[in-house]
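If you read the sequence from its start, that first residue is 1, and numbering goes on from there.
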Amino acid sequence: RGIMLTRVKSAVAHFMGGMMAGGSNGDHPGGSDLPLKYPYSRPEFLGLSPDEVECSADHSSRPIVIVKETKRLPWSTGYAEVINAGKSALNEDQARCEVLVIKRKPGGTPTSSQVPMTRRRSSLPNGEGFDLLGSLDRPEDLMLNYWALFDGHAGSGAAVMASHLLHHHVALHLQEVMEILCTPNLLAPTCLGEEPINHQLTPTSQRALTRAASLRGAAGAPCSPGSPPTRFFTEKKISQESLVIGAIENAFKDMDMQIEKEKGVYNISGGCTALAVIYLLGKLYVANAGDSRAIIIRAGEVIPMSAEFTPESERQRLQFLAYMQPQLLGNEFTHLEFPRRVQRKEVGKRMLYRDFTMSGWAYKTIEDDDLKFPLIYGEGKKARVLATIGVTRGLGDHSLKVHDSNIFIKPFLSCCPEVRIYPLGQYEHGADDVLVLGSDGLWDVLSNQEAAEAVTSFLANCDPDDRHRYTMAAQDLVMRARGVLKDGGWKISNDRLGSGDDISVFIIPLMHASKQN
């Protein structure tokens with residue numbers, strides 16, 4: 001136990017020290033001689049000069065950086081950011097905002113592509129190929145708005161790369177199904193190139209097709225004489241929304257695969273969480289992999305649009321994986337959870353525990369195996385997987401190991417986002433109705449309600465026609481989370497500790513969607 005505890009302490013020191021030390025660009029913690037795929041920078045839409053980038057990285061004054069020109073972002077979107085208080089040399093958050101026009105693939109419809117999946121994945125995006133801020137030349141072109149935040153850890157490489165390329169992966173997957181998406185009310189055919197079967201049945205006709213009728217030999221029923229090739233009437237009907245969700249999920253997966261593949265060619269440090277918003281055909285799709293957060297503020301009401309993925313929220317998934325594949329624990333960890341570390345003198349006693357099958361707690365007799373370090377240890381923001389990482393979904397981290405061991409963390413991390421939908425076109429929105437995206441540096445110190453009240457009260461005092469109001473609201477929100485320097489530390493309201501993390505915030509006014517439509 002003493003060896004494992006020492007290893008955990010040194011792992012924390014190594015993890016923090018590696019982030020603090022860095023190289024000249026903070027992306028060579030391992031002394032990699034490989035070139036960077038993309039140089040470190042702040043978001044392009046900020047329009048910062050090299051001197052301004054350097055000034056923004058002052059850990060002592062922590063200046064808040066905002067968008068200089070509102071026309072740089074669609075919908076008069078507001079944005080503000082601030083660097084951490086010294087935990088890493090660079091601001092490891094990244095942000096991206098784009099308007100993309102997806103066009104039909106040349107030489108055929110996007111839905112009839114015969115390119116095998118393996119070949120498509122070997123042809124990786126390089127940041128080109130889609131019109132950015134382009135025009136809709138043809139009715140079948142598809143336009144989408146895209147906002148994303150990436151919160152890096154153990155280096156900025158993965159966050160920088162994902163900020164350059166994730167939206168291209170999204171566009172590629174949407175391009176494959178755009179013909180379906182551009183046809184109103186069309187359900188997705190089960191096989192491309194086939195006419196939809198029973199997709200236009202009314203509820204009445206669906207009810208009429210009973211199991212008994214099928215068994216009597218209804219046309220197309222299994223084993224009916226002279227029937228065409230077997231078709232089952234229980235075929236699932238897949239909505240267009242589900243196609244968009246699938247495209248986003250596959251985009252995240254392909255982005256993660258690209259990072260893994262190109263790590264052999266480029267120096268791509270660390271990993272990152274990813275929170276992306278896609279506005280497409282009247283709906284907002286909010287995809288989250290990590291612990292950033294999105295909320296909608298509508299008429300003063302808070303609508304959560306994401307949930308954080310942490311060792312505590314994903315405990316049962318992680319424990320089940322460790323139970324099924326114990327070799328991933330390297331004979332040094334136990335998949336069981338206890339309220340605290342088990343001591344050798346407690347072997348044979350009965351102690352509270354829980355397994356992957358349990359949301360509650362029970363007692364078990366302590367065995368020698370239970371003395372191993374727990375797979376998940378700590379509480380709240382201090383909870384860690386394998387004593388190493390505090391977030392369980394995101395991109396990258398393919399090389400991350402438990403310190404001084406050969407135990408990889410990546411098998412326990414998922415790149416799959418949760419996608420939530422907000423039917424934006426179904427509601428009337430006022431000038432103060434917004435979508436707020438924030439990295440965890442914001443939410444570490446402000447609750448949903450506190451953030452909503454701050455934004456609502458700030459916007460209430462702004463001219464509704466002022467295009468800068470959303471950037472100023474983002475600046476105010478970041479300032480409230482960062483706080484002011486007092487007695488050698490950052491303090492916020494009620495003398496609470498402010499956030500010492502990187503903080504990035506988008507404030508997206510929802511009323512501009514209807515203007516765009």
Side-chain angles (χ1 to χ4, degrees), residues 4-5 7-22 26-27 29-30 84 87-88 92-94 149-159 162 252 255-256 259-260 263 268-275 288-293 307-322 325 328-330 332-335 337 372-418 439-441 443-444 500-502:
M4 190 61 219
L5 192 57
R7 178 173 288 175
V8 171
K9 288 179 180 177
S10 62
V12 173
H14 173 78
F15 200 61
M16 295 304 294
M19 291 192 290
M20 284 299 296
D27 277 315
N84 62 79
K87 78 166 193 175
S88 61
E92 293 181 334
D93 282 3
Q94 289 289 329
L149 293 177
F150 305 91
D151 184 353
H153 48 258
S156 59
F252 273 63
M255 184 72 254
D256 193 55
I259 292 172
E260 180 182 24
K263 277 182 72 70
I268 307 169
S269 60
C272 67
T273 66
L275 173 64
N288 185 45
D291 57 1
S292 294
R293 190 184 302 174
E308 281 93 287
F309 293 99
T310 66
E312 290 185 309
S313 70
E314 293 217 275
R315 173 186 62 83
Q316 288 172 286
R317 176 182 74 81
L318 300 172
Q319 286 183 316
F320 180 66
L321 175 60
Q325 300 190 49
L328 296 177
L329 300 177
E332 294 195 21
F333 294 84
T334 172
H335 75 277
E337 182 184 14
K372 294 175 181 175
F373 203 85
L375 166 65
I376 298 167
Y377 187 69
E379 198 170 7
K381 291 297 290 185
K382 294 182 180 178
R384 294 290 181 269
V385 176
L386 297 173
T388 304
I389 190 169
V391 66
T392 53
R393 297 205 188 189
L395 307 170
D397 288 316
H398 298 91
S399 303
L400 185 61
K401 295 181 183 180
V402 174
H403 182 59
D404 198 25
S405 83
N406 202 36
I407 302 173
F408 281 92
I409 312 289
K410 185 64 175 179
F412 293 94
L413 309 180
S414 171
C415 62
C416 181
E418 177 198 41
S439 57
D440 69 326
W443 309 108
D444 285 349
D501 200 357
D502 302 311

Quick check: closest heavy atoms across [X] and [Y], and the distance to 0.1 Å?
{"X": "Phe408", "Y": "Lys401", "value": "CZ-CE, 3.1 Å"}
{"X": "Pro417", "Y": "Ala289", "value": "CA-CB, 4.1 Å"}
{"X": "Phe309", "Y": "Val391", "value": "O-CG2, 3.5 Å"}
{"X": "Phe333", "Y": "Pro374", "value": "CD2-O, 3.6 Å"}
{"X": "Ser439", "Y": "Asp151", "value": "CB-OD2, 4.3 Å"}
{"X": "His153", "Y": "Glu92", "value": "CA-OE1, 3.7 Å"}

Point-to-point distance, once rounded to the nearest 0.5 Å, from [atom1] of [X] to [atom2] of [Y]:
{"X": "Cys272", "Y": "Gln94", "atom1": "SG", "atom2": "CD", "result": "9.5 Å"}
{"X": "Asn406", "Y": "Glu332", "atom1": "CG", "atom2": "CD", "result": "10.5 Å"}
{"X": "Ser269", "Y": "Leu400", "atom1": "OG", "atom2": "CG", "result": "12.0 Å"}
{"X": "Phe412", "Y": "Leu321", "atom1": "CZ", "atom2": "CG", "result": "5.0 Å"}
{"X": "Lys410", "Y": "Ser399", "atom1": "NZ", "atom2": "OG", "result": "10.0 Å"}
{"X": "Phe373", "Y": "Leu386", "atom1": "CZ", "atom2": "CG", "result": "9.5 Å"}

Can a side-chain donor-acceptor contact be found between [Y] and [X] if the only test is distance below 3.5 angstrom?
{"X": "Ser292", "Y": "Asn288", "answer": "no"}
{"X": "Thr310", "Y": "Asp291", "answer": "no"}
{"X": "Asn84", "Y": "Asp501", "answer": "no"}

Salt bridge (Lys or Arg N to Asp or Glu O under 4.0 Å) between Arg315 and Glu337, intermediate numbers included: CA-CA 9 Å; Arg315 173 186 62 83; Glu337 182 184 14; 3.6 Å; yes
Verdict with reasoning, Asp440 to Lys381, per salt bridge (Lys or Arg N to Asp or Glu O under 4.0 Å): CA-CA 10 Å; Asp440 69 326; Lys381 291 297 290 185; 3.1 Å; yes
Residue among Thr392, Leu328, Asp397, Ile389 satisfying side-chain contact (heavy atoms from CB on, under 4.5 Å) with Ile409: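 Of the listed options, the one satisfying the test is Ile389.
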Contact check, side chains of Leu375 and Thr334, non-hydrogen atoms, under 4.5 Å: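 A side-chain contact under 4.5 Å is absent here.
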Heavy-atom side-chain contact between Ile259 and His398 under 4.5 Å: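 Yes, their side chains come closer than 4.5 Å.
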Result of checking Glu308, Glu314, Glu418 against Arg393 for side chain to side chain donor-acceptor pair (under 3.5 Å):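 Single side chain to side chain donor-acceptor pair (under 3.5 Å) partner of Arg393 among Glu308, Glu314, Glu418: Glu314.
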